[in-house]
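Hydrogens, waters and symmetry mates play no part in the numbers below; they use all other heavy atoms, side chains included. Order of the sequence lines sets the chain letters (A, B, ...), proteins ahead of strands, with each chain counted from 1.
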2 protein chains.
Amino acid sequence: MAEVKNKQVVLKDYATGFPKESDMDIVEGTISLNLPEGSNEVLLKNLYLSCDPYMQMLMSKIEGLEGFGTYSPGSPLTGYGVAKVLESGHPDYKKGDLVWGFTKWEEHSLVPSSQILFKIEHTDVPLSYYIGILGIPGMTAYAGFFEVGLPKKGDRVFVSAASGAVGQLVGQFAKFTGCYVVGSAGSKDKNKLGFDDAFNYKEEPDLNAALKRYFPEGIDIYFENVGGKTLDAVLLNMRVHGRIVVCGMVSQYNLAQPDGVTNLANLIFKRIRIQGFGVADYYQLYPKFLEYVVPKIKEGKIVYVEDIVEGLEKAPPALIGLFSGRNVGKQVIVLARE
Amino acid sequence: MAEVKNKQVVLKDYATGFPKESDMDIVEGTISLNLPEGSNEVLLKNLYLSCDPYMQMLMSKIEGLEGFGTYSPGSPLTGYGVAKVLESGHPDYKKGDLVWGFTKWEEHSLVPSSQILFKIEHTDVPLSYYIGILGIPGMTAYAGFFEVGLPKKGDRVFVSAASGAVGQLVGQFAKFTGCYVVGSAGSKDKNKLGFDDAFNYKEEPDLNAALKRYFPEGIDIYFENVGGKTLDAVLLNMRVHGRIVVCGMVSQYNLAQPDGVTNLANLIFKRIRIQGFGVADYYQLYPKFLEYVVPKIKEGKIVYVEDIVEGLEKAPPALIGLFSGRNVGKQVIVLARE
């Protein structure tokens with residue numbers, strides 16, 4: 001059997017507080033490039049790995065998160081990726097197929113037959129798009145904004161983490177819908193996504209005042225990616241019948257004591273709906289989503305920004321960088337281009 | 001013109017912190033019992049006044065509440081009441097009519113013609129029911145539980161302030177729907193409403209542990225009347241796709257620094273919806289509500305508990321008592337019975 005070296009990013013131990021690069025290790029194992037006789041598994045060469053804020057949660061032990069696929073110390077991190085099939089014992093996949101789906105942070109992965117991989121049919125867009133605008137983040141933005149947010153033309157929309165994989169798309173979907181959109185992000189040069197306006201939250205000591213400046217008449221839809229103090233300030237600025245679409249609370253997951261949100265009585269004063277959602281509840285909309293988004297990509301109507309790093313060694317700092325707003329655009333890790 | 005004495009409960013000045021009895025004064029004004037020539041106003045003799053938790057908010061200056069009819073220092077408190085028409089210049093009402101609607105905390109009230117009063121047709125139930133089970137609290141319980149909570153048979157339902165005007169009805173509506181219901185309230189003898197179980201939150205130093213005891217499989221619907229620490233503990237115990245119906249947050253309105261709610265990340269983990277609502281958005285359902293509830297009252301299927309005090313002098317302590325859970329059942333103030 002041909003064995004090759006297989007570099008992996010493994011979790012050293014559960015993170016306490018905010019995850020650090022040192023909570024991960026790069027280790028070098030080996031993997032066989034031949035499937036055993038009769039196996040129905042799929043052997044993948046990972047090309048692009050996705051780097052997403054939710055992964056931070058899975059590095060820690062958090063009450064309420066039991067059974068959500070928390071990472072195991074000593075094992076590689078998992079996430080979405082684009083890969084090429086090297087060998088397949090599964091009738092649905094054959095050698096050479098390009099696929100996207102759930103994989104591991106390693107160079108090669110052996111995927112059990114029970115796990116769904118999506119075949120990539122259209123290769124006239126960058127392959128990395130399948131872990132972004134054409135994958136889970138795109139579908140998350142679409143389901144969250146349209147199905148949970150229920151936008152109407154003219155709505156005033158605020159998006160936090162506005163330059164992230166999801167946030168940048170939400171803002172553009174809102175513009176297509178005829179909304180006024182302002183985004184907040186962690187750096188200055190994140191203002192090129194066609195939003196009406198954007199600000200760097202790090203330069204706004206008083207978020208309530210900033211929101212009052214950008215939304216003098218209040219906010220109809222808040223697309224929530226960060227939680228904590230931002231949510232608290234937003235609650236003071238929501239309009240009657242406003243909707244808060246909770247996609248993530250990346251500022252909060254790993255705090256020993258999360259920020260206390262104190263303005264929830266506004267839910268009553270303004271009859272506000274806050275709704276957490278998970279994209280898995282909306283997978284049936286994937287074809288409808290592709291119909292919506294693919295023409296816009298081909299016609300150049302969507303700006304989609306990627307922040308690309310090369311090599312598995314860059315994966316841990318890229319993941320940690322997400323939480324300080326270091327990335328500009330969807331964070332992608334390239335292991336190989338084919 | 002016949003002038004009579006007219007006792008009133010007036011706000012002395014805006015409450016700071018939790019309202020106290022001393023924030024209100026009993027004053028004695030006068031009122032004319034004859035309408036001026038050509039007036040289209042309605043002169044009411046107030047019979048029953050409603051005493052509701054939301055009134056506490058209106059005694060204070062709270063950010064976000066501007067324009068919600070906050071009380072004015074020197075003026076009588078306002079609220080819902082049952083009254084008899086003494087004189088009417090309005091074509092829809094005549095002397096002797098029994099009505100319910102928005103009135104003032106005083107013996108007699110002059111109501112402008114623009115203000116809607118509801119005529120009481122059925123007098124084979126206690127008149128006080130029109131400020132309770134057949135009025136705003138009943139309609140609030142109905143709209144909140146059914147329209148916002150979207151209950152299904154078998155759902156696990158938790159109700160706070162379970163012996164209040166709204167809470168006691170929500171629990172019973174839930175039982176009619178085939179749900180498992182547990183209520184929390186501020187005293188022990190509040191366990192006679194047909195709920196599956198109830199507890200005194202004052203005897204539970206660890207609310208999270210209490211909820212885990214009563215809901216080992218978690219909560220599908222939380223009917224929120226109190227906010228703060230209770231909400232925080234509930235968030236840890238919600239089930240996937242749970243709904244939190246926010247009717248009130250009576251523990252929070254008048255805190256200089258409201259309790260910080262720290263477990264909101266569970267909104268994502270469990271895809272939870274929290275929704276604030278106001279009964280005014282559901283008034284069109286009032287006939288449907290009466291169809292649902294009146295037969296149940298006549299057949300004795302609903303337990304409806306009132307806590308009745310006599311005389312306007314008892315109104316301030318009754319209002320303040322709501323916030324320490326002193327009342328058992330809907331708090332009613334009787335000024336006169338006819």
Interface residue of largest heavy-atom contact number with chain A, from B:Ile272, B:Val240, B:Leu235, B:Val246, under 4.5 Å: B:Ile272
Max heavy-atom pair count under 4.5 Å with chain B, selected residue of A:Met249, A:Arg243, A:His241, A:Arg273: A:Arg273
Geometric class of the A:Phe277/A:Phe223 ring pair [parallel <30°, tilted 30-60°, perpendicular >60°]: perpendicular
Derivation of the side chain to side chain donor-acceptor pair (under 3.5 Å) call for B:Lys61 and B:Thr16: CA-CA 8 Å; B:Lys61 285 191 162 174; B:Thr16 52; over 6 Å; no
Region of B:Gln257 in contact with chain A, defined by heavy-atom distances below 4.5 Å: side chain
Residue, of A:Leu231, A:Val261, A:Asn263, A:Leu267, that accumulates the most heavy atom pairs under 4.5 Å with chain B: A:Val261
Interchain contact, B:Leu264 with chain A, by part (heavy-atom threshold 4.5 Å): both
Check: B:Asp206 side chain, B:Asn208 main-chain N or O, donor-acceptor pair, under 3.5 Å: yes
Greatest number of heavy atom pairs closer than 4.5 Å to chain B - which of A:Glu224, A:Arg271, A:Met57: A:Arg271
Among the listed options B:Asp259, B:Asp281, B:Asp232, the residue most often paired with chain A at heavy-atom distances under 4.5 Å: B:Asp281
Per-residue contact mode, B:Met238 against chain A (heavy atom under 4.5 angstrom): neither
Portion of A:Ile244 that has a non-hydrogen atom of chain B nearer than 4.5 angstrom: neither
Residue among B:Gly276, B:Pro258, B:Gly260, B:Ala265 with most heavy-atom pairs under 4.5 Å to chain A: B:Gly276
Parallel, tilted or perpendicular: ring planes of A:Phe102 versus A:Tyr80, cut at 30 and 60 degrees: perpendicular
Test item: side-chain donor near acceptor, B:Ser160 and B:Tyr222, under 3.5 Å: yes
Partner of B:Asn237 by side chain to side chain donor-acceptor pair (under 3.5 Å), out of B:Lys270, B:Lys212, B:Glu217, B:Arg156: B:Lys212
B:Tyr14-B:Thr70 side chain donor-acceptor pair, cut-off 3.5 Å: no
